[in-house]
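Some notes on the structure that comes next.
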Amino acid sequence: MFYKFNNETQEWYFGNEVHFPDGTKLNAENKQEKDGWQWHDEPPQEFIDWQNLNEI
Amino acid sequence: MAITIRKTPCPDVDLEINGVNEGSFAAGSTIELNLTDGVNPVTPDSVTVVGNVVTAQVPAASTGWTRNPDWLPLPEITASDNRFVGLFLVFEGEYNQTTVLLTSAAANVDWGDGTSVVSNGAVQTKVYDYATISSPVKQYYDGRNYKQVIVDVTATGVGTLSITIFDANSTVNSGGANNFVDIALSLPNSSNMRLSVFRRMAILERIRLLNIGTSPVPVLMNSVMLSVFEIGATTNTTAQSLFNSSGCVDLSGGLIANWSSITQLLDTSDVRFFGASSFPNAISMAFFARGADNLISVSIDAPSNTSLSNAFNTALNLRSIILSGCGNVNNTGNAFLNCISLSKLILNGMRWGFSIAQCNLTAQALNDLFDSLGTASGSQTIIVTGNPGAATCDTTIATAKGFTVTT
């Protein structure tokens, strides 16, 4: 899955696919880094910590 | 409710209601269907006949507040009046006191029990005598007997009528016994209307502020029974935290106000129904309805708004958000975090990215959302990961407007 941390809002973004305005599509077949999006096979610990913090 | 009438071999007719046989009726007799709620008649939304099946559509359960039918009606007042009216319950065997402070303008205070007083700036205190009140005895929800009076305060001269109603002006029961249940007021010239009893008027169910002039918008509405709050013209600039932590549940009439900030307006409130509202001058909706667990839907026009930061964070029951005039928004951090019930989101003109991860939008709802957006303000990202329609929505609607979309 792709992950990206938004420093401005202190939010984690994540998703299976990332669709860009230029037509680029990141997914399991295209795991390149782009605009801060990074592929991780397992969720980063910082993401898990953020999720736990916001758990309802 | 489906009623099936079946003719049996003998001349009698069998009656089934929702598949249950309710007996047999003689040929030529009349079957009278009588719908009630246990006490009052209930009119079906429709009655249809198809073959031998008569279907009566029972109305859906009422979701809004209903004024107690036992209560005396309040006199009608308008936004140009200088007047306060309130229905006060006088309980049997209890100390029933209210206090009214009027300033500036001469006013007549009709206590509703046959007594009245003319006031000009003095504190007026009334202790009711249950035995002398002529209205019929009614029973409160908890079984207590009560009678009713309508307090009617009317300006009698030229000037500014301001009013303060508070619990008591003495050491006697200074913390309560203010049994107003329904209030309406219009004080267009007032700059200091205060209803400090909001905090302690425990059984107040409805308040209508038709006109409060330049008075501060009251805050700390913790009346646990409060169900309806209406506010008309006001020149105040902010209503921050107006319903913060309040017990008010019904704002189905909506709000229209020129407030510059509506930050935390419904923050952690119990508000369930919030009608279409307009805040043309509000520049921030930050924390607008954070943690408002009961809230079902909002439809708000706020064209000056710049911030949705945490606006609906953890509004767990919120199913529909329609925001008009989002073109100036530049902060959406955690705006929809944990909106797990959200199935409709329209952000007209939105140019800033946002996350609705793990919400409940179908592909069609996501497409409708994308349709509502404006052109992205630079590099902006929309996160729809975890929505039921994420995998099948048409992301090109949003990417064509310059947004990056994560599914």
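None of the values given here were measured: they were computed from a predicted structure. The sequence lines fix the lettering, A, B, ..., with proteins before strands; numbering per chain opens at 1.
When each of B/Thr404, B/Thr395, B/Thr381 is tested with A/Val18 by the rule side chain to side chain contact (heavy atoms under 4.5 Å, CB included), just one qualifies, namely B/Thr404.
More than 12 heavy atoms of other residues, nucleotides or ligands shown are found within 6.0 angstrom of CD on A/Gln45. By the 6.0 Å contact criterion, NZ on A/Lys34 is enclosed, its count of non-hydrogen atoms from other residues, nucleotides or ligands being greater than 12.
Side chains of A/Tyr13 and B/Ser355 form a contact here, defined as non-hydrogen atoms less than 4.5 Å apart.
Under the side-chain contact (heavy atoms from CB on, under 4.5 Å) criterion, B/Thr385 pairs with A/Phe14, B/Ile383, B/Thr406, sequence neighbours left out.
With hydrogens and angles ignored, the 3.5 Å screen pairs no side-chain donor or acceptor of A/Glu11 with any backbone N or O of B/Gly333.
In this structure, chain A has a heavy atom under 4.5 Å from the side chain of B/Gln358, while its backbone stays farther away. Heavy atoms of B/Ala400 lying under 4.5 Å from chain A are absent altogether.
The two residues A/Pro21 and B/Gly402 make their nearest non-hydrogen contact at CG-O, 3.3 Å. Nearest heavy atoms, B/Asn334 versus A/Trp50: OD1-CZ2, 4.3 Å.
Contacts of residues 322-329 of chain B with chain A at a heavy-atom distance below 4.5 Å are absent; not one residue qualifies.
How far CH2 of B/Trp352 is from OG1 of A/Thr9: 10.5 Å, rounded to the nearest 0.5 Å. Between atom OG1 of residue B/Thr407 and atom NE2 of residue A/His19 there is a gap of 3.5 Å, rounded to the nearest 0.5 Å.
Most heavy-atom pairs under 4.5 Å with chain B, from the set A/Lys4, A/Glu17, A/Glu8, A/Gln10: that is A/Glu17.
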